[in-house]
Amino acid sequence: MAVAKLEQLSQSVVQGPSLATGAIPTKDWMDIPVVFKPGNYAFPAKKDKVEYLNSQSGLHFPNARDWSPEDDDWQLPENWKEIIINGLRERLEKFRSLKIFMDCCVRCGACADKCHFFLGTGDPKNMPVLRAELLRSVYRNDFTLAGKVLGRLAGAREVTPEVIKEWFMYSYQCTECRRCSAFCPYGIDTAEVTIVIRELLHLLGIGINWILEPVSNSNRTGNHMGLQPHTFKDNVEFLADDIENLTGVRINPTFNRKGAEVLFITPSADVFAEPGLYTAMGYLILFEHIGLDYTWSTYASEGGNFGLFTNNESMKKLNAKMYAEAKRLGVKWILGGECGHMWRVVHQYMDTMNGPADFLEVPKSPITGTVFHNAASTKMTHISEFTADLFKHNKIKVDKSRNDYLNVTFHDSCNPARAMGLLEEPRYVLKHVVNNYHEMPENTIREQTFCCGSGTGLNTDEIMELRMRSGLPRANAVKYVEEKHGVNMLSCVCAIDRATLTSLMSYWNPNVGVCGISELVGNAIVLDGENRAELDEGLRTLL
Amino acid sequence: MELTEALHNNRYTIVDKWVVYTLATYQATDFLNKEKDRFANPIGSTIRTSLKTLFQLLLKGGDGAGYAEPLSQIMHLRSVQEFTPSQAVAPLNAVKHIARDILAADKQTKDLVKDLYDFEFAVDLAVLAAFDLYMQCREKVYRIRIAEIKSGAAILTDSACPSKALKNIRKINE
Ligand code: SF4
Ligand code: SF4
């Protein structure tokens, strides 16, 4: 009796699995079609944005049209199959790593349960090995003998419109965070497979607006927001006003100043959106404190590079802009703010695409004399490296107790951690500016850090539920240190994280705030001639 | 034997089956059941811990105070996963059937099945509370969406001239 009722409960409301008959009706993954419904996909790019981008020099975004993922017919161009196969062939020839990644997976499964999308959704197609298989199956079919002869038996399948839909669904449920690659014995980087799938989709005019509009804005005005020079300048000056209110010290930053020693570039979100604003205030205070000869640029007014989330041409172009501006201004080197994927591009791809930046000098701290040889080719140094070096040489005067209202933990943002190995510097800086600090569990930090769940341009609000579930593994580890140690502040060095972790925390751990490390540095710094009231909430205090 | 005692004696089996049933609503059932590290398997561990706590509370009966804590954990999960509202809540109901089934299968406890009314009523209360929590979570998601839009992030798209829009926002804030 009871079992029958229980089975009925399963059948009436819980699709699929049944306790009485045992687990899920098993089907081969290739036979499970994707279903698009509101909330599980990001809005497609607007036609005019795609057209604009395609008209720009060095960029290639063909087949603009109005379409919706919910439509049966995606109005693919007539020769879509040829475009895909040729596009794949071209990339296999151009990117040796892709060919290796397609060939050498032994399906050992070590990566399978390491992806935050898999852990938050329980959907097998979010296992990295299966995500790569979405492309690999097509590769086998058209580029390997076994696939040509044995077809499905060899895990091969023909590319169909259904496959294209599946690519769209799952390449936009991957934040290219590379956690999986840290566990793969062969070093297969599924993130790069996702990158290639997204590139191929762009050849068919398939992309999302939250990525393409910022790319087009950056191409036009130099930043994601499309902010024009005067607005960018105004905004930084507003922050200087706020600092004056809080500390009594007037800071006068310069813009587009030729002959400055250092060009400072940070994500535009730092100068316009909370809580990034406080991080930017931290930069201003730090540079004032050490008397750095630097300038902001209203043209290279964006560290972020959403080009990375589309195709290699636009990534290259947006990256080149920073260097063009450094050349124009005649600075010696570039100091980069707390950004995630800017550093991935600089550290992993810049040199091949646009390097070496011979017209610049190897970064040398004018305060300590330290030469950053690790940036010998890119000529760009991370703010945490720069600040850590200042602390090492005792060049910063701080009052740590100003951050005592906080109990801090540190989230390793995927890109700085796994794409450039920036693990110690932020921690070293934190050690010098906060008294209360606790690490999250070992398998959730450093190389094994969990993504915020909204990287690679997935930080758009129409997929909020997806973001909340993919961010679960991160939030779950934060909850642990909140309960165990009373942690109330999640610090990080990434602008996307500052925005997306704020939403993630509001959902899962509403008592935990989010900040950049430079905010904590700025709050702890004792400025010459300051006249500072008790600031209960540091730089966030409203006077 | 008293009913409460019987349920208590069978608590591991009942909770285990309840967990298995709940995790079977995800495609990756095996993994979610197997992996025991709470950081490597947040869905599995949250469901397991919360259902265990909830079962103890159900045995106590009473007015259902205290259900909210474990239920909230479960509903935070299921309300942002791809379930309809009924699918999100349904597995909570399963414990009625599981308990009944287990008691009925054993000669010693078979006769206690008729006394299950109180326990089942407690489950009913939990299910109702879960539905409220489900809605609270949904509303929270909507509020977070609005907060993101207000924070200025949405100027990124959908705005003809962000510089102008930013000026307007400033005016509103002043
Ligand atoms: S790169 Fe990150 S998001 Fe993508 S499959 Fe690997 S673990 Fe998942
Ligand atoms: S860990 Fe590497 S080799 Fe193993 S299944 Fe994953 S991608 Fe393939």
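Order of the sequence lines fixes the chain letters, A, B, ..., with proteins taken first and strands second; residue numbering starts at 1 for each chain. Just so it is clear, the model here is predicted, and its values are computed rather than measured.
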### Query
Can you tell me how far the CZ atom of Arg145(B) sits from the CZ atom of Arg467(A), to the nearest 0.5 Å?
9.5 Å
### Query
Taking all non-hydrogen atoms of both residues, which atom of Leu472(A) and which atom of Ile43(B) are closest, and how far apart?
CD2-CG1, 3.9 Å
### Message
Main chain of Arg38(B), side chain of Asn476(A): is a donor-acceptor contact present, judged purely on distance under 3.5 Å?
### Response
yes
#### Entry: Crowding at CZ, Phe121(B) (>12 non-hydrogen neighbours, <6.0 Å)
no
### Query
Which bit of Thr444(A) is near chain B, if near means a heavy-atom gap under 4.5 Å: side chain, backbone, both or neither?
side chain
## Note on the structure
Closest heavy-atom pair, Gln27(B) versus Pro124(A), reported as atoms and distance to 0.1 Å, is CB-CD, 3.4 Å
### Summary
If one checks every heavy atom of Glu462(A) against chain B at 4.5 Å, the contacting part turns out to be both
### Summary
Whatever's closer than 4.5 Å to a heavy atom in chain B on Pro473(A) counts as both
### Query
Is it the side chain or the backbone of Phe31(B) that comes within 4.5 Å of chain A heavy atoms, both, or neither?
side chain
### Query
Salt bridge or not for Glu465(A) and Arg138(B), using N-O below 4.0 Å?
yes
### Query
Between Ile463(A) and chain B, which part of the residue has a heavy atom less than 4.5 Å away: side chain, backbone, both or neither?
neither
### Message
Can you list the residues of residues 110-118 of chain A that sit under 4.5 Å from chain B, counting heavy atoms only?
### Response
Asp113(A), Phe118(A)
### Max heavy-atom pair count under 4.5 Å with chain B, selected residue of Thr500(A), Asn40(A), Asn126(A)
Asn40(A)
### Task
Starting at CD of Glu148(B), measure out to CG of Asn459(A) and round the result to the nearest 0.5 Å.
7.5 Å
### Task
Give, for atom OG of Ser79(B) and atom OH of Tyr507(A), the distance between the pair rounded to the nearest 0.5 Å.
3.0 Å
### Winner by heavy-atom pair count (cut-off under 4.5 Å) against chain A, out of His76(B), Gln81(B), Lys140(B)
His76(B)
### Query
Once you round to the nearest 0.5 Å, how far does CD1 of Ile445(A) lie from CZ of Phe39(B)?
11.0 Å
### Task
Check the pair Lys37(A) / Glu82(B) against side-chain contact (heavy atoms from CB on, under 4.5 Å), numbers first and verdict last.
CA-CA 10 Å; Lys37(A) 47 190 183 197; Glu82(B) 290 196 274; 3.4 Å; yes
### Query
So how far is it from Ile144(B) CD1 to Ser506(A) OG, rounded to the nearest 0.5 Å?
4.5 Å
### Message
Among Leu77(B), Val113(B), Thr46(B), Val89(B), which residue has the highest count of heavy-atom pairs closer than 4.5 Å to chain A?
### Response
Leu77(B)
